[in-house]
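These numbers come from a predicted model, not from an experiment.
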Amino acid sequence: FININKNLLNNDIEPLKELLLELDKLNINGIFYYDLAILKLKKELNLKTDLVWSQTHMVNNYKTCNYYHSKGVKYALLGKEITLEEIIEIINNTTITPMVEVLSLPSVAFSKRKLITNYYKDLNKEPKQELDVVEKVTNSIYTLTEDENGTSFFSKDIVNGTSLIKKLFTGGLEYIIMRGYGIEEELFEEILNDTKLYINNSCTDN
């Protein structure tokens, strides 16, 4: 799978067409998309590569999943904030193939603005590319990272739903996603290997 998870601008469209045509030759399983322009271009360019509807908080009910499936979308990455019961309900009532993220440092927000640069500019200091902030109501800590596209907000706490994998598979789920971004590489590899053993009923690590 390939992940194209950005809001697209008008000047992105022509390069994106070239990219999608190249990807279509690679025989990959699918393309995760955030911007609906990719769904439109799949039809316009008559691409054979399947798509994964991946609009974070939007992917939270089976009726909308079924709508996108009727438009030619094969997969949907379900939102991270819904419950296990809601996930199973979607699996049981959708024609699309759902995916669930079970391990990650979740992305919680994104802004096209250069928020870190602006912050340090106000302080008359040299900007950094990363900044930790505390949300005052819950005292939760978030990491902000900035690049040419804008500013991303990530939770500092690893969300670990690996204990639910068997319930998800028993409920009919075919794909889980584990993201290593921001997680210590050695720890992530250990969790990944244990998860493979767990799925095959051969894990001895509690």
Side-chain angles (χ1 to χ4, degrees), residues 1-8 16-17 19-108 110 158-181 183 188 191-203:
F1 291 91
I2 299 291
N3 193 6
I4 304 178
N5 61 341
K6 63 171 287 186
N7 285 313
L8 298 165
L16 178 62
K17 287 181 181 180
L19 174 65
L20 292 173
L21 288 168
E22 287 298 313
L23 290 175
D24 210 44
K25 300 173 186 175
L26 298 181
N27 199 30
I28 58 175
N29 283 6
I31 297 170
F32 287 78
Y33 72 91
Y34 185 89
D35 197 299
L36 294 176
I38 293 178
L39 176 56
K40 187 174 188 300
L41 290 174
K42 174 182 165 68
K43 296 177 181 178
E44 182 181 311
L45 300 172
N46 196 29
L47 303 176
K48 68 178 186 299
T49 306
D50 289 315
L51 296 182
V52 187
W53 177 36
S54 179
Q55 286 187 309
T56 56
H57 312 296
M58 304 286 191
V59 193
N60 57 25
N61 68 88
Y62 61 82
K63 288 190 176 181
T64 315
C65 286
N66 291 346
Y67 169 80
Y68 279 113
H69 186 257
S70 74
K71 298 298 179 183
V73 178
K74 182 173 181 180
Y75 306 96
L77 175 58
L78 303 187
K80 292 185 283 289
E81 68 280 1
I82 61 177
T83 66
L84 175 62
E85 290 73 22
E86 289 168 330
I87 291 170
I88 299 300
E89 181 183 10
I90 292 172
I91 293 171
N92 289 335
N93 291 281
T94 189
T95 51
I96 213 165
T97 301
M99 300 176 172
V100 173
E101 187 175 297
V102 297
L103 181 81
S104 69
L105 277 177
S107 170
V108 294
F110 174 79
I158 296 173
V159 171
N160 184 357
T162 52
S163 62
L164 302 175
I165 290 172
K166 283 195 177 177
K167 288 182 180 177
L168 291 169
F169 283 170
T170 301
L173 189 75
E174 296 181 34
Y175 290 88
I176 59 168
I177 293 177
M178 305 172 77
R179 294 188 193 273
Y181 177 81
I183 301 174
F188 182 73
I191 295 171
L192 189 62
N193 289 331
D194 273 356
T195 302
K196 290 177 182 177
L197 294 172
Y198 175 69
I199 291 169
N200 294 321
N201 291 312
S202 54
C203 181

What I'd like to find out is whether the side chain of [X] reaches to under 4.5 Å of the side chain of [Y], using heavy atoms alone.
X	Y	value
Val59	Thr56	no
Ile2	Thr49	no
Leu105	Val159	no
Tyr33	Val73	yes
Leu45	Lys17	yes
Gln55	Asp35	no
Leu84	Lys167	yes
Leu51	Ile38	yes

When you measure from the side chain of [X] to the backbone N and O of [Y], does any donor-acceptor pair fall under 3.5 Å?
X	Y	value
Asn160	Leu103	no
Asn200	Lys196	yes
Asn29	Phe1	no

**Asked** In this structure, are over 12 heavy atoms from other groups packed under 6.0 Å from Phe169 atom CZ?
**Response** yes

**Request:** Please say whether more than 12 non-hydrogen atoms of neighbouring residues, nucleotides or ligands are located less than 6.0 Å from NZ in Lys48.
**Result:**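 More than 12 heavy atoms, drawn from other residues, nucleotides or ligands, come within 6.0 Å of this atom.
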
Hey, could you give me the [atom1]/[atom2] distance between [X] and [Y], rounded to the nearest 0.5 Å?
X	Y	atom1	atom2	result
Leu168	Ser163	CG	OG	9.5 Å
Met99	Phe32	CE	CZ	4.5 Å
Ile165	Thr195	CD1	OG1	4.5 Å
Asp50	Tyr75	CG	OH	5.5 Å
Ile87	Leu173	CD1	CG	8.0 Å
Leu23	Leu47	CG	CG	9.0 Å

**Item:** Residues in salt bridge (charged side-chain N to carboxylate O under 4.0 Å, His left out) contact with Lys40, at least two apart in sequence or another chain
**Value:** Glu44

**Request:** Could you list the residues that satisfy ring pair (Phe, Tyr, Trp, His ring centres under 6.0 Å) with Phe188, not counting sequence neighbours?
**Result:** none

**Prompt:** So Leu8 and Leu16, side-chain contact (heavy atoms from CB on, under 4.5 Å) or not? Walk me through it.
**Reply:** CA-CA 9 Å; Leu8 298 165; Leu16 178 62; 3.4 Å; yes

Considering all heavy atoms of both residues, which atom of [X] and which atom of [Y] are nearest to each other, and what is their separation?
X	Y	answer
Lys74	Ile96	O-CG1, 3.2 Å
Ser54	Leu77	OG-CD2, 3.6 Å
Met178	Leu192	SD-CD1, 3.8 Å

**Request:** Look at the rings of Trp53 and Tyr68 and say which category their plane angle falls in: under 30° parallel, 30 to 60° tilted, over 60° perpendicular.
**Result:**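 Correct class here is tilted.
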
**Item:** Partner residues of Asn60 under the side chain to side chain contact (heavy atoms under 4.5 Å, CB included) criterion, sequence neighbours left out
**Value:**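 Here the qualifying residues are Ile82.
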
**Message:** Considering only residues two or more places apart or on different chains, which pairs with a residue in residues 171-180 satisfy side-chain hydrogen bond (donor to acceptor under 3.5 Å, both in side chains)?
**Reply:** Glu101-Arg179

**Asked** Can you list every side-chain hydrogen bond (donor to acceptor under 3.5 Å, both in side chains) pair that touches residues 77-98, not counting sequence neighbours?
**Response**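 Listed by first then second residue: His57-Glu81, Asn66-Thr94, Asn66-Thr95, His69-Thr95, Thr83-Glu86.
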
**Complete:** Residues passing the side-chain hydrogen bond (donor to acceptor under 3.5 Å, both in side chains) test with Asn201, sequence neighbours excluded, are Lys166

